[in-house]
Amino acid sequence: MTDILFTPVALNERIELKNRILMAPLTRCMADDALVPTQAMVDYYARRADAGLIISEATIIRPDGQGYPNTPGIFTQAQIAGWRKVTDAVHENGGKIFAQLWHTGRVAHPHFWGGTEVIAPSAVGVEGTVPRMRELTYLVPREATALEIAQLVEDYAKAAENAIEAGFDGVEIHGANGYMIDEFLHYDSNRREDEFGGSPENMVCFPLQVVDAVTSRIGAARTALRISPAAYFNIEPDPRDRAVFDLLLSELDTRELAYLHGGIFDDSVHYDYLDGRVSEYLRRHSRHTLVGVGSYDAETAAAAIATNKFDVIAIGRPFIANHDYVARVREGAELKPYSDELLPVLY
Ligand code: FNR
Ligand code: 8K6
């Protein structure tokens with residue numbers, strides 16, 4: 001029984017979703033070399049407009065936020081115009097779309113913008129090389145100065161304004177998966193001794209500044225946040241992170257947000273230091289509309305929503321394999337299975 005997925009839900013007075021199936025943010029590395037969305041991307045998103053809400057692939061807020069080839073940006077007029085074609089096409093097909101705002105932090109690589117260094121909360125690098133570009137080894141980042149952190153906050157806010165100019169219905173701040181914002185929230189990647197590190201109070205400072213700056217520019221009704229309390233990607237977990245996320249969530253509860261979204265691949269995993277699954281932890285500690293995600297299918301998602309584990313579901317890989325995911329679920333039709341081999345082509 002998946003009927004509950006097809007009930008509408010209001011995120012707030014401004015945004016109502018026609019159903020509870022969201023398309024998860026999915027990096028596809030298909031923008032052109034100026035990081036402008038292409039016609040193939042317009043068609044790809046337009047075909048998925050029957051989702052309750054599309055969350056765009058992660059979109060970089062400025063050149064030094066780039067960590068993978070051909071990921072789209074939202075910092076030039078050409079990029080804004082390219083996204084406008086996407087949002088118009090989604091709206092013409094009756095859909096809604098948020099932009100996911102991204103800075104990859106220490107996972108950025110200066111190869112992409114012709115620089116020499118990477119900034120991050122602390123001078124702690126990740127091992128390895130950029131995916132699909134094995135000759136590019138990750139650098140040890142330089143600790144960002146307080147002035148650079150203030151500029152980052154401004155650049156997230158400006159990117160949010162650009163997203164609205166491009167016709168997006170709102171933005172999801174990418175605070176998950178080991179990128180810049182997430183790096184401030186974990187002891188592994190944040191070793192600072194100033195007002196941005198060393199204690200939960202200090203470690204939540206930058207992420208909250210970004211939320212507040214974005215909210216003040218485009219309104220809380222159009223601002224959402226994705227976070228990864230489980231530190232499952234690009235960051236080593238540390239049991240002390242729990243107190244940081246407890247504080248972050250209680251601070252977020254004093255603010256309005258369109259929704260809160262967990263960043264995780266498999267939400268059936270139990271994390272000891274979270275006392276359960278990521279969705280269980282977020283539900284216990286947040287009053288916000290919660291987006292569940294991570295290896296769900298329509299049946300397991302519907303059961304979780306029916307038992308109030310979360311409010312709406314984001315679907316990732318199955319949406320890559322099935323542009324008509326929503327229709328197939330509604331009709332009880334069979335789904336095409338996802339495989340990584342589908343990634344090189346947008347359809
Ligand atoms: C992702 N995911 C992801 N997450 C995110 O916050 N921003 C992004 O740009 C991407 N990009 C991305 C690309 C690809 C190819 C995959 C497979 C995943 C994670 C994604 O949003 C989601 O959390 C996971 O895919 C788990 O959901 P499913 O696929 O099990 O429904
Ligand atoms: C050019 C390569 C494209 C890859 C881009 C991927 C960027 C987003 C990745 C999202 C998170 C993936 C997490 C996978 C880790 C599983 C750990 C259990």
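Along the sequence shown, residues carry numbers from 1. Just so you know, ligand 1 is whichever comes first in the structure, and atom 1 is the first atom listed for that ligand. All values derive from a computational prediction rather than experimental measurement.
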When you compare the side chains of [X] and [Y], does any donor N or O come within less than 3.5 Å of an acceptor on the partner?
X: Tyr45; Y: Glu57; value: yes
X: Asn12; Y: Tyr259; value: no
X: Thr38; Y: Asp32; value: no
X: Asn234; Y: Arg106; value: no
X: Ser279; Y: Asp267; value: yes
X: Asp33; Y: Asn70; value: yes
X: Asp253; Y: His285; value: no
X: Asp297; Y: Thr300; value: yes

Distance filter under 4.0 Å to [X] heavy atoms, resulting ligand 1 atoms:
X: Thr27; result: 8 (C), 9 (O), 10 (C), 11 (N), 12 (C), 13 (C), 15 (C)
X: Leu343; result: 15 (C)
X: Ala24; result: 21 (O)
X: Asn177; result: 4 (N), 5 (C), 6 (O)
X: Ile315; result: 31 (O)
X: Ser295; result: 28 (P), 30 (O)
X: Gln100; result: 5 (C), 6 (O), 7 (N), 8 (C), 9 (O)

Is the shortest N/O to N/O distance between [X] and ligand 1 below 3.5 Å?
X: Pro318; result: no
X: Gly316; result: yes
X: Tyr296; result: no
X: Glu57; result: no
X: Tyr338; result: no
X: Ile264; result: yes
X: Ala58; result: yes

For this session: Provide the closest heavy-atom pair for Pro25 versus Glu172 in the form atom of the first, atom of the second, distance.
Result: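 Scanning both residues, the minimum pair turns out to be CG-OE2, 3.9 Å.
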Exercise. Do you know which two heavy atoms are closest between Asp155 and Arg62, and how far apart they sit?
Worked result: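 For Asp155 versus Arg62, the nearest heavy atoms are OD2-NH1, 2.6 Å.
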Exercise. Hey, any chance Tyr325 and Met41 share a hydrophobic cluster, counting ILVMFWY side chains that come within less than 4.5 Å of each other, even indirectly?
Worked result: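 The answer is yes; both residues are in one hydrophobic cluster.
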Between [X] and ligand 1, which residue portion shows a heavy-atom distance shorter than 4.0 Å: side chain, backbone, both, or neither?
X: Val293; result: side chain
X: His174; result: side chain
X: Asp266; result: neither

For this session: May I ask you to check whether His186 and Phe245 place their ring centres under 6.0 Å from each other?
Result: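 Yes, ring centres under 6.0 Å apart.
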Exercise. Below 4.0 Å from any atom of ligand 1, is there a heavy atom belonging to Gly263?
Worked result: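 Flag not set, Gly263 not near ligand 1.
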Exercise. Closer than 4.0 angstrom: is that true for some heavy atom of Gly294 and an atom of ligand 1?
Worked result: yes
For this session: Could you name the option among Phe265, Trp102, Phe319 that has the heavy atom nearest to atom 18 (C) of ligand 1?
Result: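 Ranked by closest heavy atom to atom 18 (C) of ligand 1, first place is Phe265.
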Exercise. If hydrogens are left out, which of Arg28, Glu172, Arg226 has an atom nearest to atom 23 (O) of ligand 1, that is, the closest non-hydrogen atom?
Worked result: Arg226
Exercise. What distance separates Tyr179 OH from Ile60 CD1, expressed to the nearest 0.5 Å?
Worked result: 12.0 Å
